[in-house]
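Quick note: residue numbers are just sequence positions, from 1.
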Amino acid sequence: PALLFRAIHDYGGTLCWLPNFAYNHCARRIRRRDTDGLSAASMRLFINCSEPVRHDSHQLFLSRFAANGVRPEMLGVSYAMAENTFAVTQTPPGAPARLDAVAPGALEQEGYARPANPGDPDAQWRVSCGAPIAGTEVRIVDGNGRPAADRVVGEIAIRSNCLLTGYYRRPDLNPFTPDGWYLTGDRGYIAGGEVYVAGRSKDLIINAGKNIYPADIEAIVNGVPGVHAGRAVAFGVADEREGTELIAVVVEANADGETERQALARAIRQEVARQTTVTVSYVHIVGPRWLLKTSSGKLARAANRDKWLRERGA
């Protein structure tokens, strides 16, 4: 990752798109001696996209690379997808992304982004992906396909002048409503005319009546010492006896011996319990290259769940 800053310095780079985990990865893994003397002052924007965005990731990146010329207004956000020829929304260049303080547990238990006092230490900070770009409309729809009110969590739907018309050789895939809205499969809400993304509908874990977004669990787990940054995946596992989905976590880590693995698993469970209202039922510690990712570098949660189940003989 140090080559990124070398390229920016050598060629006067101005725009760079990164998934959220890359901000943590660069901040924690690039040695200071590898960026000494390098300048990122030419940058207009580092644009966070592809994953739900975390404010603490931005702050970590900013703190680490401020000496190289990275400034708060360089940290932009975009909600993007290939189906819309990339960008759907974009935060305004030259200004930090807007933050939304949400009451703890509101998204999971109420399906509503209830505003919280920004001074509340338990408030959950959500980062805006910005307003829709020119020629693009965004709305949130409920389970019946009806438009939802502001701050209600639902599926994100888009309509634009640069949207796909279908999937190549996949006539079985028809994600469009009769009036031309594309159902993205992503969940989020709108507040103040800007879009906030919560996660993927198909990855949603329903645990004891609460809607749990795996990315939130993964972000906590990635902060536990010993876990390889960006190499943790969370998913739901149906449990007939409990009558709900249980939460499983698989992490790549340097843990030699059963004692170390048990200690790390215990630390993961404790940290998730400390920061949320849920309990992790399964923690599986694995070595390098165990986790499966998509061609674009995203965690393939369903594939990792299937792999984990096969190894358990379930």
Side-chain angles (χ1 to χ4, degrees), residues 1 4 15-29 46-58 60-61 75-90 97 126-130 138 155-158 163-164 167-168 170 173 175 182-188 195-205 211-223 227-237 247-253 284 286-309:
L4 171 64
L15 297 169
C16 179
W17 286 260
L18 296 167
N20 189 82
F21 90 88
Y23 291 76
N24 296 60
H25 188 63
C26 288
R28 290 176 173 147
R29 295 301 178 92
F46 289 94
I47 303 169
N48 196 328
C49 62
S50 300
E51 297 178 328
V53 179
R54 291 184 60 86
H55 177 55
D56 54 2
S57 298
H58 277 184
L60 184 67
F61 186 85
L75 303 182
V77 182
S78 175
Y79 173 52
M81 61 186 65
E83 287 87 346
N84 200 54
T85 324
F86 202 57
V88 175
T89 69
Q90 174 67 54
R126 296 283 166 171
V127 184
S128 169
C129 293
V138 179
E155 184 171 5
I156 301 172
I158 66 174
L163 188 64
L164 85 166
Y167 288 98
Y168 182 61
R170 291 299 304 273
L173 297 179
Y182 171 72
L183 301 175
T184 66
D186 292 325
R187 295 180 64 79
V195 176
Y196 295 79
V197 177
R200 292 284 297 171
S201 295
K202 67 179 182 180
D203 293 330
L204 188 69
I205 304 169
N211 292 333
I212 309 300
Y213 296 96
D216 292 341
I217 302 296
E218 291 158 2
I220 295 170
V221 174
N222 278 319
V227 175
H228 294 174
R231 305 297 292 183
V233 64
F235 45 81
V237 181
I247 300 172
V249 171
V250 180
V251 302
E252 291 184 4
H284 187 44
V286 297
R289 299 185 181 88
W290 191 98
L291 290 180
L292 304 174
K293 288 195 173 187
T294 68
S295 58
S296 59
K298 298 178 183 178
L299 288 166
R301 295 190 179 94
N304 282 299
R305 180 181 60 236
D306 292 344
K307 182 177 180 179
W308 177 75
L309 289 171

For residues Ser78 and Ala87, report the shortest heavy-atom separation together with the two atoms involved. OG-CB, 4.0 Å

Quick check against the 3.5 Å criterion: does Glu218 have a side-chain atom that pairs as donor or acceptor with the backbone of Ala234? yes

Cys129 backbone acceptor or donor facing Thr89 side chain under 3.5 Å: yes

Specify whether Phe61 and Phe46 have parallel, tilted or perpendicular ring planes, treating 30° as the upper limit for parallel and 60° as the lower limit for perpendicular. perpendicular

Are Asp216 and Arg126 within salt-bridge range, i.e. N to O under 4.0 Å? yes

Taking all atoms of both residues into account, what is the closest heavy-atom pair of Ser128 and Gly130, and its distance? OG-N, 2.8 Å

Evaluate the side chain to side chain contact (heavy atoms under 4.5 Å, CB included) criterion for residues Val127 and Tyr196: first the C-alpha distance (whole Å), next the side-chain angles of each, then the deciding distance (0.1 Å), finally the verdict. CA-CA 7 Å; Val127 184; Tyr196 295 79; 5.8 Å; no

Ser57 side chain vs Tyr23 backbone, donor-acceptor pair below 3.5 Å: no

Tell me whether Glu51 contacts the main-chain N or O of Lys298 through its side chain, where contact means a donor paired with an acceptor under 3.5 Å. no

Could you walk me through whether Ile156 and Val138 pass the side chain to side chain contact (heavy atoms under 4.5 Å, CB included) check? CA-CA 7 Å; Ile156 301 172; Val138 179; 3.9 Å; yes

Going through the distances and angles, do Arg231 and His25 end up as a side chain to side chain contact (heavy atoms under 4.5 Å, CB included)? CA-CA 10 Å; Arg231 305 297 292 183; His25 188 63; over 6 Å; no

With no hydrogens and no angle check, just 3.5 Å: does a side-chain donor-acceptor pair link Tyr79 and Asp186? yes

Smallest separation among heavy atoms of Cys16 and Leu4, with atom names: SG-CD1, 3.9 Å

Main-chain N/O of Gly230 paired with Asn222 side-chain donor or acceptor, under 3.5 Å: yes

Grab the two heavy atoms, one from Val77 and one from Gln90, that are nearest each other, plus how far apart they are. O-NE2, 3.3 Å

Closest heavy-atom contact between Met81 and Val88? CG-CG2, 4.1 Å

Please walk me through it: do Val251 and Val221 pass side chain to side chain contact (heavy atoms under 4.5 Å, CB included)? CA-CA 8 Å; Val251 302; Val221 174; 3.4 Å; yes

Answer yes or no: is there a donor N or O on one side and an acceptor on the other, between the side chain of Ser201 and the main chain of Gly185, under 3.5 Å? yes

Straight-line distance of His284 NE2 to Trp290 CH2, nearest 0.5 Å: 5.5 Å

Write down the atom of Leu299, the atom of Ala232, and the distance for their closest heavy-atom approach. CD1-O, 3.1 Å

Looking at Glu252 and Val286, would you say the former's side chain and the latter's main chain have a donor-acceptor pair under 3.5 Å? no

